[in-house]
Amino acid sequence: MKEFISIAFIGFLLLSFHALLSPILSIENIAYPAPYILFWMILPFSWSFIKGGAVAIAYGILLDLLFPPHGLQTFCGLWVWGLRKPIYRLLHPTLPPEWELTTSVRQFNSSEFFAYAFPLTLLHQLWYLSLAAWNLSFQVLLLIGLSAAYTFFWEWIIFEIGLRQRYVRA
Amino acid sequence: MNFPLWLRLLLSPTVLWLISQGIALYVFLHYTPLPRQAIERFSLGVQKSFHEVVMWMISPWRALQEVDSLRQLVAHLQEHISTLSAESPAIPFPTSGIGDFSALKGYRLLPTKVIYRSFLLRENYAILNKGGRDGIYPGLGVLAPEGIIGLIAETTATYSIMYALFHKDVRLSVTLPQHGVVGLTRWNTPILNRLLLEYIPLHIQVKEGEEVWTASHSLIFPAGLRIGQVKSVRSDFAQGFYTIEVATYADWSRVNSLFILLPLQ
């Protein structure tokens with residue numbers, strides 16, 4: 001329950017960040033930050049498919065209601081949520097059988113976090129911006145790349161300041 | 001608990017994930033104008049290409065039909081010209097080179113072919129083989145040889161979408177020329193070639209067989225083009241108007257060669 005409340009609180013903070021700070025931090029036509037993606041990435045690996053999926057969808061629907069276009073946030077967020085375990089497994093091919101119970105994103109160091117979070121952020125921005133713009137021109141591709149890098153920058157700051165559990169790994 | 005195989009498949013993580021993604025994508029595509037328009041345009045393009053091939057295959061048969069209808073038309077025009085007087089009302093046919101048909105003055109008639117026409121929809125439409133490159137734009141009127149049939153709703157460079165009179169959103173300002181009263185047409189029945197004429201006041205004596213023409217208020221059609229004849233009249237005393245059924249001259253099931261009304265600059 002405590003873990004669930006902590007996740008809900010992080011979700012609320014990320015939503016508030018997106019609503020209040022993202023418009024100020026966005027660089028018009030060059031890069032748009034979307035650090036709310038972090039929520040889908042930090043959901044505990046130990047959660048069951050149903051529990052994790054329900055929380056991921058609920059967060060997507062909430063975003064869809066608050067920030068149109070409707071449906072797109074859930075669609076892109078579920079890609080992030082669905083691919084985070086395969087990506088982690090890809091980065092660590094020799095994982096023990098019950099790794100999901102012992103591993104948490106919050107224990108990652110910066111380089112692990114980069115290897116895990118940047119591809120997911122890029123994937124999210126690729127889906128989100130190409131579908132929202134309904135166009136895959138060079139300008140949109142550039143926007144996707146820059147927005148992914150800029151979003152990751154903010155995700156990394158939030159992760160380092162508020163999410164990383166330093167006492168677990170030195 | 002032992003679930004059947006189909007239920008186990010349905011409840012598998014991958015399938016549930018795909019279903020959720022499908023719903024989210026559907027919501028996005030359904031409620032966001034840009035992709036919805038792009039998908040509609042793409043599907044219309046595919047539909048147009050398919051029906052162009054079909055039309056090419058049946059074109060010899062259609063040409064024979066066309067010859068027959070042209071023969072009938074020439075006979076009708078010869079009969080009409082022989083009885084023409086200065087007071088004759090305007091008729092809705094592209095014969096401005098033959099007689100003085102004042103309704104069509106100020107307009108050029110661009111011949112066009114129907115590539116596809118819908119049936120039994122609440123929003124009947126036809127795809128025409130003329131588009132923006134031919135000077136077509138939304139809001140132009142379309143005539144069949146027998147009477148008006150619809151209006152241009154959308155255009156691309158090479159083809160156009162015509163909304164038929166038998167489309168739930170198409171309403172025309174029309175008049176009963178014998179009385180000079182104006183009403184509005186509406187199509188809300190599943191019967192093609194029938195329109196409802198509304199807002200004709202009860203103090204007018206409307207008879208079956210009376211002509212219905214376009215009114216002078218219409219921005220799409222010039223006044224005086226024929227639409228159809230009064231088929232039946234019903235009094236709606238609660239509202240103080242007639243509800244009149246009009247049989248259109250143009251037959252939706254036979255539309256093939258049409259004319260787009262282009263205003264002369």
Side-chain angles (χ1 to χ4, degrees), chain A residues 34 36-37 39-40 43 45-87 89 100 120 123-137 139-140 143, chain B residues 1-50 123 125 127 131-133 136-138 152-161 169:
Chain A
Y36 61 85
I37 305 167
F39 181 83
W40 287 296
L43 285 180
F45 289 129
S46 57
W47 280 8
S48 69
F49 173 80
I50 296 291
K51 186 179 173 184
V55 171
I57 290 174
Y59 185 67
I61 291 172
L62 189 62
L63 278 163
D64 277 330
L65 290 173
L66 298 173
F67 311 105
H70 307 302
L72 195 54
Q73 309 277 10
T74 309
F75 177 76
C76 301
L78 285 182
W79 274 102
V80 173
W81 178 76
L83 288 180
R84 67 208 184 100
K85 281 185 188 176
I87 284 197
R89 273 198 295 260
E100 292 166 354
L120 290 171
L123 178 82
H124 180 280
Q125 296 295 61
L126 183 67
W127 275 119
Y128 185 84
L129 291 172
S130 59
L131 284 173
W134 201 254
N135 183 359
L136 254 187
S137 61
Q139 196 186 352
V140 173
L143 184 71
Chain B
M1 205 183 296
N2 259 344
F3 290 118
L5 179 66
W6 65 268
L7 193 59
R8 268 182 284 150
L9 276 176
L10 192 67
L11 292 176
S12 69
T14 313
V15 174
L16 282 176
W17 183 84
L18 284 172
I19 290 171
S20 311
Q21 288 292 57
I23 293 169
L25 196 60
Y26 172 78
V27 170
F28 168 66
L29 295 176
H30 191 74
Y31 290 103
T32 313
L34 204 62
R36 199 183 62 219
Q37 284 164 6
I39 288 168
E40 280 171 3
R41 191 141 289 207
F42 172 75
S43 63
L44 271 174
V46 171
Q47 202 180 0
K48 179 227 168 199
S49 306
F50 172 76
E123 299 170 347
Y125 68 96
I127 304 176
R133 280 187 201 150
I136 307 303
Y137 51 86
I152 302 291
E154 287 177 48
T155 55
T156 67
T158 53
Y159 66 93
S160 321
I161 306 298
D169 296 332

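Computed from a predicted structure; not experimentally measured. Lettering follows sequence order; numbering is per chain, from 1.
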May I ask you to decide if A:Y36's main-chain N or O and A:Y59's side chain share a donor-acceptor pair within less than 3.5 Å?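 The answer is yes, because a donor-acceptor pair under 3.5 Å joins these two groups.
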
Ignoring hydrogens and geometry, is there a side-chain-to-backbone donor-acceptor pair from B:S43 to B:E40 under 3.5 Å?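 A pair under 3.5 Å: yes.
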
For chain B, the option from A:G53, A:C76, A:P69, A:A132 that forms the most heavy-atom pairs under 4.5 Å: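 Among A:G53, A:C76, A:P69, A:A132, the one with the most close pairs to chain B is A:P69.
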
[X] versus chain B, heavy atoms under 4.5 Å apart: side chain, backbone, both or neither?
| X | value |
| --- | --- |
| A:W79 | both |
| A:I50 | side chain |
| A:A56 | neither |
| A:I57 | side chain |

What distance separates A:W40 CH2 from A:L83 CG, expressed to the nearest 0.5 Å?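 Between atom CH2 of A:W40 and atom CG of A:L83 there are 13.0 Å.
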
Side chain, backbone, both or neither of B:S20 within contact of chain A (heavy atoms, under 4.5 Å):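 Interface part for B:S20: both.
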
Report which part of B:I23 has an atom under 4.5 Å of a heavy atom belonging to chain A: side chain, backbone, both, or neither.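 For B:I23, neither part sits under 4.5 Å from chain A.
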
Specify which of B:W17, B:Y26, B:Y31 makes the most heavy-atom pairs with chain A at under 4.5 Å.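 Ranked by contacts with chain A, first place is B:W17.
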
Which heavy-atom pair separates B:L44 from B:Y125 by the least distance, and what is that distance?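 Taking every non-hydrogen atom into account, CD2-CE1, 4.2 Å.
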
Provide the closest heavy-atom pair for A:A133 versus A:V140 in the form atom of the first, atom of the second, distance.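 Looking at all heavy atoms of both residues, the shortest contact is CB-CG2, 4.2 Å.
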
For A:W81, which of A:F49, A:W47, A:F75 qualifies under ring pair (Phe, Tyr, Trp, His ring centres under 6.0 Å)?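 Of A:F49, A:W47, A:F75, ring pair (Phe, Tyr, Trp, His ring centres under 6.0 Å) with A:W81 is met by A:F49 alone.
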
